[in-house]
Amino acid sequence: MPIIRVAVPVPKRQFFEYQHTSALEPGIRVRVPFGPRQLIGVVLDTTEQSLWQSDKLKSISEVLDATGVFSPIQLKLCQWLSQYYQHPIGDVLHSAMPVSLRKGGSSQPKPVSYLHVTDAGQRATPESLGKARKQQQLLGQLQQSEASYSSILAQYASTTVKALIQKDLITQVERIPSLDTNWLTHLNIGDKPIPNVEQAIAISQITSKIGQYASFLIEGVTGSGKTEVYLQAIESVLTQGKQVLILVPEIGLTPQTVQRFAERFNVPVGILHSNLTDNERVLVWQQSNAGQLPIIIGTRSAIFTPMSRPGMLIVDEEHDSSYKQQDGLRYHARDLAVMRAVQENIPLVLGSATPALESLNNALNGKYQHLILNERAGNASHPKQQVLDIRNQPLEYGLSKGIIERIGQHLAQESQVMLFINRRGYAPALMCHTCGHVEQCPGCNKPYTLHKQLYKLQCHHCGSAKAIPKRCQSCHGTELGAMGIGTEQLEQGLQQLFPQYTSVRIDSDSARGKNRLNDMLDKINRNEYQILIGTQILSKGHHFPNVTLVVILEVDGALFSADYRAAEHLAQLVTQLAGRAGRAEKPGEMWLQTHDPSHPLLQDLLNNGYSHFARYALLERQHAMLPPHTYQALFRAQSSDARLANQLLMDISSQFSYSKHVQCIGPLPALMEKRQGKFRMQLVLMSNNRAALQHALAQAMPNIEQLPLATKVRWALDVDPQDFM
DNA sequence: GATTGTGTTTTA
DNA sequence: AAAACACAATCC
């Protein structure tokens with residue numbers, strides 16, 4: 001009897017063998033006995049020769065698919081992923097599937113709830129609904145075309161929907177979604193804007209590579225018409241009857257984005273985002289797999305969507321950190337996209353106004369074709385960016401006098417003001433408020449990171465530590481500390497300072513919930529708030545025409561962070577914010593509060609722009625022997641006993657002591673050294689040879705898993721880590 | 001002696 | 001990861 005090799009969703013880096021009456025196609029799902037339970041696994045292979053030293057293999061209980069849920073290319077991609085990130089294959093395949101397929105659900109389409117207007121609803125006018133604005137809007141939309149219940153719930157409150165059902169203007173029906181096998185016949189390629197020279201070059205470069213592998217990096221300043229380049233490249237792919245998969249950042253997937261694609265080409269667009277039901281997710285998967293969806297737009301995990309006629313991959317805002325999964329299978333969707341484009345033999349387009357240094361490096365060394373869009377459409381102008389020296393300045397709620405004054409002026413002119421706290425990659429350095437001096441490690445010339453829990457300064461580049469000094473080494477001042485202020489504190493302070501204006505705090509906490517963020521953005525654009533206090537979430541994809549003053553606090557936290565990517569992220573943030581605030585006739589200003597106004601990276605960014613900054617920063621990374629010029633892997637460990645976490649990492653570290661090409665740094669405390677009562681430590685592996693690092697990891701992992709402490713301490717490996725929190 | 005809790009081992 | 005297994009502590 002043939003022996004089937006099955007990837008089972010357990011955290012073991014191996015496959016399991018079963019018997020079956022006949023060979024099975026790789027990529028199909030099977031139900032198999034596993035100890036006392038039944039699990040859903042994926043067939044990897046059929047052989048005659050068992051590797052398992054036993055002649056009594058169990059049998060497969062049930063074959064769940066007629067044809068592969070994974071194509072051979074996808075299977076290969078997942079196997080690469082499993083190797084590269086040192087993650088169990090069963091778990092990789094499991095996380096690559098939509099939830100309902102993981103549970104053994106059918107891979108055939110199921111009925112979905114739709115909303116469409118009734119006869120009465122078709123005749124009804126918006127006026128008949130009085131001042132129920134949302135209801136008017138929804139009815140109007142459904143009069144145009146029906147929509148699935150859940151897509152409506154993503155835009156409207158369920159009460160709005162129910163109200164219209166109650167009034168008998170719309171109705172809900174369940175049916176199997178109609179399949180559009182013929183989208184090519186109604187594809188609209190008529191009217192399109194005439195591209196400028198730069199756009200035209202980019203478009204022709206990309207379209208000339210349709211049908212083969214090629215990678216492109218579009219470095220296009222805000223307003224340079226990056227999207228139009230995508231659209232015209234997509235058009236060429238669609239006219240050949242092929243599909244395009246577009247990845248967007250988690251926060252950037254708005255109904256308007258989707259609308260733009262759907263309207264331009266008059267074809268169905270599949271959407272994959274985090275609050276889709278399991279059912280809808282499989283449906284998109286199935287339709288795409290059947291070639292019925294010419295365009296698929298989705299966030300990170302959409303990179304796993306199968307396509308029967310793949311034509312092109314696009315990763316928009318490719319620098320965005322949401323492409324890296326931060327738990328479990330820690331993959332980077334952008335890097336996987338490169339791999340997928342190679343395997344599928346199709347072009348890959350990466351686009352950003354502020355490319356990641358990794359991508360820029362690949363473009364500069366010729367791995368990607370570099371397409372630059374500098375020309376701005378229209379007369380868009382940007383806020384003037386300036387630094388504000390706050391050395392020895394009295395601060396109120398983290399704000400200097402000059403800034404408070406400016407805030408007052410702008411508010412008085414009926415403009416909005418945005419205060420931005422940069423918390424990402426924040427690693428407290430010991431800074432003197434009087435003179436701005438930062439205590440540095442003499443060996444590395446890098447700032448020490450302040451660890452309050454351990455009461456010491458530690459260098460995250462070499463691991464050396466010293467006691468916290470009482471006085472500034474430079475001016476002997478005593479005002480030493482980690483500057484830091486929370487969003488809540490700032491919000492309260494601003495209310496004290498400007499009681500006559502309303503403020504809103506936008507962070508991942510306050511924006512949680514389905515429509516919270518959109519509601520807040522609406523209110524901001526209607527001028528219901530004058531003071532906006534935000535974190536990361538504000539910089540992505542939204543435009544604030546009435547904001548004329550942007551203030552960035554905690555700039556130093558990024559400039560002196562042990563997270564070497566913090567400066568890059570700050571620069572991306574500043575540039576993205578500058579592109580989104582103000583408008584042509586009201587360009588406004590942007591201030592960065594810092595203790596180090598002459599910091600070379602900061603000066604380069606403000607004087608010469610992101611593109612120049614990025615090239616300089618790359619050079620600096622090269623001198624410091626940091627990624628992308630070297631390669632890293634990070635072991636994280638956490639335990640309520642700091643010594644145990646430390647010991648495990650020491651044991652792991654010794655597994656690499658023989659490798660000439662791999663250098664270990666640590667164990668060191670994580671930037672957030674204690675979280676939920678657990679001490680968090682990390683060990684960084686570095687190499688200037690990616691293959692050597694891969695090889696060393698592959699050799700060491702089996703031994704590491706056998707370490708006695710490895711079962712007692714929670715630990716994880718992060719290949720190509722993006723942060724050190 | 002049974003019961004409850006904790007850590008270890010196995011899964012083909 | 002989940003369940004079984006093994007062993008120790010606890011209770012009536």
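In what follows, chains carry the letters A, B, and so on, assigned in the order in which the sequence lines appear, proteins first and then strands, with residues in each chain numbered from 1.
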- request: Decide whether A:Thr277 and A:Asn279 meet the rule of one side-chain donor and one side-chain acceptor closer than 3.5 Å.
  value: no
- line: Of all heavy-atom pairs linking A:Glu317 and A:Tyr323, the shortest is O-CE1, 3.3 Å
field: Beyond-backbone contact of A:Gln458 with A:Pro669, side-chain heavy atoms, under 4.5 angstrom
entry: yes
message: Mind checking if A:Pro9 touches a base, just sugar-phosphate, or nothing, with heavy atoms under 4.0 Å?
response: nothing
task: Assign the ring pair A:Phe656 / A:Phe635 to parallel, tilted or perpendicular, where the plane angle (0 to 90°) is split at 30° and 60°.
output: tilted
- prompt: What is the distance from CD1 of A:Ile40 to P of C:dA2, rounded to the nearest Å?
  reply: 14 Å
- prompt: Checking all strands, does A:Lys12 fall into the base, sugar-phosphate, or nothing category for heavy-atom contacts under 4.0 angstrom?
  reply: base
query: Given atom CG of A:Asp91 and atom P of C:dA2, what is their separation to the nearest angstrom?
result: 11 Å
task: Please work out if A:Pro11 contacts a base, only the sugar-phosphate, or nothing of the nucleic acid, heavy-atom cut-off 4.0 Å.
output: base
- line: Among B:dT11, C:dA4, C:dA1, the one nearest any side-chain atom of A:Val10 is C:dA1
- request: Give the rounded distance in Å between these two atoms: CZ of A:Arg31 and P of B:dA12.
  value: 16 Å
- prompt: How close or far is atom C1' of B:dT9 from atom CZ of A:Arg37, stated in whole angstroms?
  reply: 13 Å
message: If I take atom CD in residue A:Gln38 and atom P in nucleotide C:dA2, what distance separates them, rounded to the nearest angstrom?
response: 16 Å
- request: Measure the distance between the ring centre of A:Trp52 and the centre of the six-membered base ring of B:dA12, then answer whether it is under 5.5 Å with planes under 30°.
  value: yes
task: Quick one: do A:Leu101 and A:Ser107 satisfy side chain to side chain contact (heavy atoms under 4.5 Å, CB included)? Show the steps, please.
output: CA-CA 7 Å; A:Leu101 292 186; A:Ser107 53; 4.0 Å; yes
- prompt: Whole-Å distance between B:dT9 P and A:Lys712 NZ?
  reply: 11 Å
- request: Mark yes or no for a side-chain to base donor-acceptor pair under 3.5 Å between A:Arg5 and B:dA12, with no hydrogen or angle criteria applied.
  value: no
task: Return the value, rounded to whole Å, for the distance between atom CD of A:Gln49 and atom C1' of B:dA12.
output: 15 Å
- line: From CZ of A:Phe34 across to C1' of C:dA4 the rounded distance in Å is 13 Å
